[in-house]
Asks: 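The structure that follows is given in the form of structure tokens.
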2 protein chains.
Amino acid sequence: MDQVAEAAGVSRATVSRVINGAPSVDAKIREMVQRAIAETGYVPNVAARSLVTRRSNSVALVISEPDRPDNHSFLNRIFTDPYFGRITAGATGALRPHDIHLVVIPTDSTDHHQVIRYLRQGHVDGVLLISSHEQDTLPRQVHELGIPAVVSARPTSPIAVSFVDVDQRLGARLAAERLLTRGCRRPATISGPLDIPSGLDRLDGFRSFLAQRGFTDVPAVEGDFTRAGGEAAARRLLAEHPELDGLFVASDLMAEGALRAVQDLGRRVPDDLAVVGFDDSSAALDCRPLLTTVRQPVEEMAAEMAEVLMAHIATPGRLPRSVTFQPTLVVRDSA
Amino acid sequence: MDQVAEAAGVSRATVSRVINGAPSVDAKIREMVQRAIAETGYVPNVAARSLVTRRSNSVALVISEPDRPDNHSFLNRIFTDPYFGRITAGATGALRPHDIHLVVIPTDSTDHHQVIRYLRQGHVDGVLLISSHEQDTLPRQVHELGIPAVVSARPTSPIAVSFVDVDQRLGARLAAERLLTRGCRRPATISGPLDIPSGLDRLDGFRSFLAQRGFTDVPAVEGDFTRAGGEAAARRLLAEHPELDGLFVASDLMAEGALRAVQDLGRRVPDDLAVVGFDDSSAALDCRPLLTTVRQPVEEMAAEMAEVLMAHIATPGRLPRSVTFQPTLVVRDSA
DNA sequence: CGGAGCCGTGAGAGCGCTCTTTCCCACATT
DNA sequence: AATGTGGGAAAGAGCGCTCTCACGGCTCCG
């Protein structure tokens, strides 16, 4: 930087001003400095800058999942699930124009303390926290740290933190309505894990809407948001309730598996059994027949999380805000 | 840090020694310092440390893909493809024990300069570069930067950089052998994009092995490593060559699509037509019948990339090294 | 014509750490 | 008793930047 200053015949302070785009620099001098920068090939040292500005220009994407028996499959599951992929894509897209980078940190409860330590050290300016399961203590811990944070769903315990969510119950209702509209009279559902709020909300939303319409004792089987889990759940459900004619599956991945099971068992979709998924991920298009599903705009939601986080970073005292997205029904062939 | 030093009745230097685990500190003093750290809740400032050590303890995972018409789908495609997911999982797993974090940076040629700028600024200690397409200039640019780097495949132009790859031709040969063993006499292939070395190598390896065994003019159609692409390619292939009885598809994702097309067209798999994939990704288990495929240990390869990179970071002058993994055949139901 | 006000620049004090150098003291050696 | 030896702690100089504050020179107004 001294070299640049000397080459341009100005002081270090002026070089700094030019680099940071301060408006109060004379156009001629600005140009001279820029030429000097180009000639010397000068690149600012980010560590030195961070030291004084207290900014790192990066944020963490912390993906908190329940413990897994083995670490390998844990990582693999996370990074292979299209849901997390869409989150990453959405967040990256929103952050990039602001030149903010993303540090991806998967975690389960066994290494919460490492994550917390990382965050405390000031590596990042804020956190996007993807946490779904009920008992997860990480949102609270992060909140207590005082670092800017946005969570991916309404926290289960009431903490004053910003979050972005989709109206889960409305989504479930859209699915239920679609099934009824098609003429289904024996609806059932494969839910997500019931220790996850979104799993619970979708189940509850589905059932309570149907109850209003006079359908009680709607069968439900708990799934685990994987294809294999969906397939197994569908087999179980049809074994116990062969009369079913409509099925709401709480994720597209599970729906893909369920569709397979249903067809293996000789049911035609949608004629014998109509199936509605949830997510509208790429998996919906991998199904045959193409999956009718409830669209959750995951990329937009992640982008919104990023925007809210950046706002928090820019103005520290800012009050938490929550944003709820509306799901929509995407009608294809399966229902 | 001054507070800690005062609380422990020592100097800042000693606190630093304790934090960095210097062996030459008296046990009693060490303990006092640690107590002081705990009491004050002191956390070292990483920016200040980086400023003097010239280390950031993070590395970039740069995923370089060809230009896409629209940015949105570009990000989505990358983060949804299980191949990149496996890479991320493998790299994360290897880096975590060393407390090194991963900054994920997707890029196409339109923003190479941004990536280069980011790297030059010293945000990261090194780069894991995932670059597949032939004309990609990024590997060379990164190499010229002089920053420690490891590339995911043999660079197309000969630059002195470390890389990790799988023996693509051997993999293709394993597939060919399997088809012949099953008794196929009319083999064909759906290749990857031919401007990607791995695509080319698999095609070439397949054909040249078959040529040795007397099979010439083996039909091939170019695919694009997506499910939809695989499906379309299979339809084209079977329309032109209805007599086929064996098919090597250069990625599991494409194989999944191809399988669908083949079965839609009334062929039974594997009886009428045997299908072998490539990758052994989770997609292989989503196929029906379960996909016989060539296993590429992507997670291990990514982990190895990370190890090599850390070695380069630790000892700067180190000569480039390349590691080639052996693929294996995983026999399931489709061939 | 003198002083107030403003714009643009320079000087210099840190930001919080590491690491080399220096120093002290206890103990061994002659 | 004087000198040598070495382990362990302290002192202090940076690392490369930003940002406040002071100041010089200009315009403008009374």
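Computed from a predicted structure; not experimentally measured.
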Asks: Please examine the side chains of Arg86(A) and Phe79(B), heavy atoms only from C-beta on, and report whether any two atoms are closer than 4.5 Å.
Replies: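 Side-chain contact under 4.5 Å: no.
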Asks: How about His123(B) and Asn57(A): does a side-chain donor come under 3.5 Å of a side-chain acceptor?
Replies: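 No - no donor-acceptor pair under 3.5 Å links their side chains.
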Asks: Is Arg54(B) touching bases, backbone alone, or none of the nucleic acid, heavy atoms closer than 4.0 Å?
Replies: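 Result for Arg54(B) = sugar-phosphate.
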Asks: Report the distance from atom OH of Tyr42(A) to atom CD of Gln3(A), rounding to the nearest 0.5 Å.
Replies: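 Reported to 0.5 Å precision, the distance equals 10.5 Å.
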Asks: Regarding Ser56(B) and Asp125(B), do their side chains bring together a donor and an acceptor under 3.5 Å, going by distance alone?
Replies: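 Side-chain D/A pair, Ser56(B) to Asp125(B): present.
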Asks: Would you say Asn20(A)'s side chain and Ser16(A)'s backbone share a donor-acceptor pair under 3.5 angstrom?
Replies: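 Present.
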Asks: Please state how far atom CE in Met1(A) lies from atom P in dC15(D), giving the value in whole angstrom units.
Replies: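 That distance rounds to 15 Å.
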Asks: Please determine, for the side chain of Val52(B), which listed nucleotide (dG12(C), dA10(D), dC15(D)) has the closest atom?
Replies: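 The nucleotide sitting nearest to the side chain is dC15(D).
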Asks: Expressed in angstrom and rounded to an integer, what is the separation of Asn45(B) atom CG from dC17(C) atom C1'?
Replies: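 One finds 8 Å between C1' of dC17(C) and CG of Asn45(B), rounded.
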Asks: Whole angstrom is fine here: how far is it from CZ in Arg49(A) over to P in dG16(D)?
Replies: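 Atom-to-atom, Arg49(A) to dG16(D), this comes out as 14 Å.
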Asks: Side-chain donor or acceptor of Arg17(A) under 3.5 Å from a matching atom on the base of dT18(D)?
Replies: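 Checked by distance alone, the answer is no.
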Asks: Answer yes or no: does a side-chain N or O of Ser16(B) lie under 4.0 Å from OP1 or OP2 of dC19(C)?
Replies: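 So the side-chain polar atoms of Ser16(B) never come under 4.0 Å of the phosphate oxygens OP1 or OP2 of dC19(C).
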Asks: Which whole-number value in Å describes the distance from Ile19(B) CD1 to dG16(C) P?
Replies: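 Going from Ile19(B) (CD1) to dG16(C) (P), I get 14 Å.
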Asks: Side chain of Ala48(B) only, please: which of dC19(C), dC17(C), dT18(D) is the nearest?
Replies: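 Nucleotide nearest to Ala48(B)'s side chain: dC17(C).
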Asks: Regarding Val46(A), tell me which of base, sugar-phosphate or nothing describes its non-hydrogen contacts under 4.0 Å with the strands shown.
Replies: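 Val46(A): no heavy atom of the nucleic acid under 4.0 Å.
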Asks: To the nearest Å, give me how far apart CG (Leu51(B)) and C1' (dA13(D)) are.
Replies: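 Answer to the nearest Å: 13 Å.
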Asks: Between Asp99(A) and Arg117(B), does at least one N-O distance fall below 4.0 Å, as a salt bridge requires?
Replies: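 Answer for the salt bridge query: yes.
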Asks: Respond yes when some side-chain nitrogen or oxygen of Thr14(A) is under 4.0 Å from OP1 or OP2 of dG10(C), and no when none is.
Replies: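 Answer yes for this pair, as a side-chain N or O of Thr14(A) is under 4.0 Å from OP1 or OP2.
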Asks: Grab the CD-C1' distance between Gln121(A) and dC15(C) for me, whole Å please.
Replies: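 Interatomic distance, CD of Gln121(A) to C1' of dC15(C): 17 Å.
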Asks: Quick one: which protein N/O atoms are closer than 3.5 Å to N/O atoms of nucleotides 6-8 of chain C? Pair and distance per line, please.
Replies:
none

Asks: Give the rounded distance in Å between these two atoms: CZ of Arg12(A) and P of dT20(D).
Replies: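 Checked: the CZ to P distance equals 15 Å.
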Asks: Is it true that Asp111(B) and Arg96(A) have a side-chain N and a carboxylate O under 4.0 angstrom from each other?
Replies: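 Salt bridge flag = yes for Arg96(A) with Asp111(B).
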Asks: Take atom CD of Gln3(B) and atom P of dC17(C), then tell me their distance rounded to the nearest Å.
Replies: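 It is 10 Å, rounded to the nearest whole Å.
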Asks: Return whichever of Tyr42(A) or Ser11(B) has its heavy-atom-nearest nucleotide of DNA chain D closer to the 5' end.
Replies: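 First, find each residue's nearest nucleotide; the 5'-ward one identifies Ser11(B).
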Asks: What is the nucleic acid contact for Asp2(B), judged by heavy atoms within less than 4.0 Å: base, sugar-phosphate only, or nothing?
Replies: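 No contact at all - Asp2(B) keeps every heavy atom at 4.0 Å or more from the nucleic acid.
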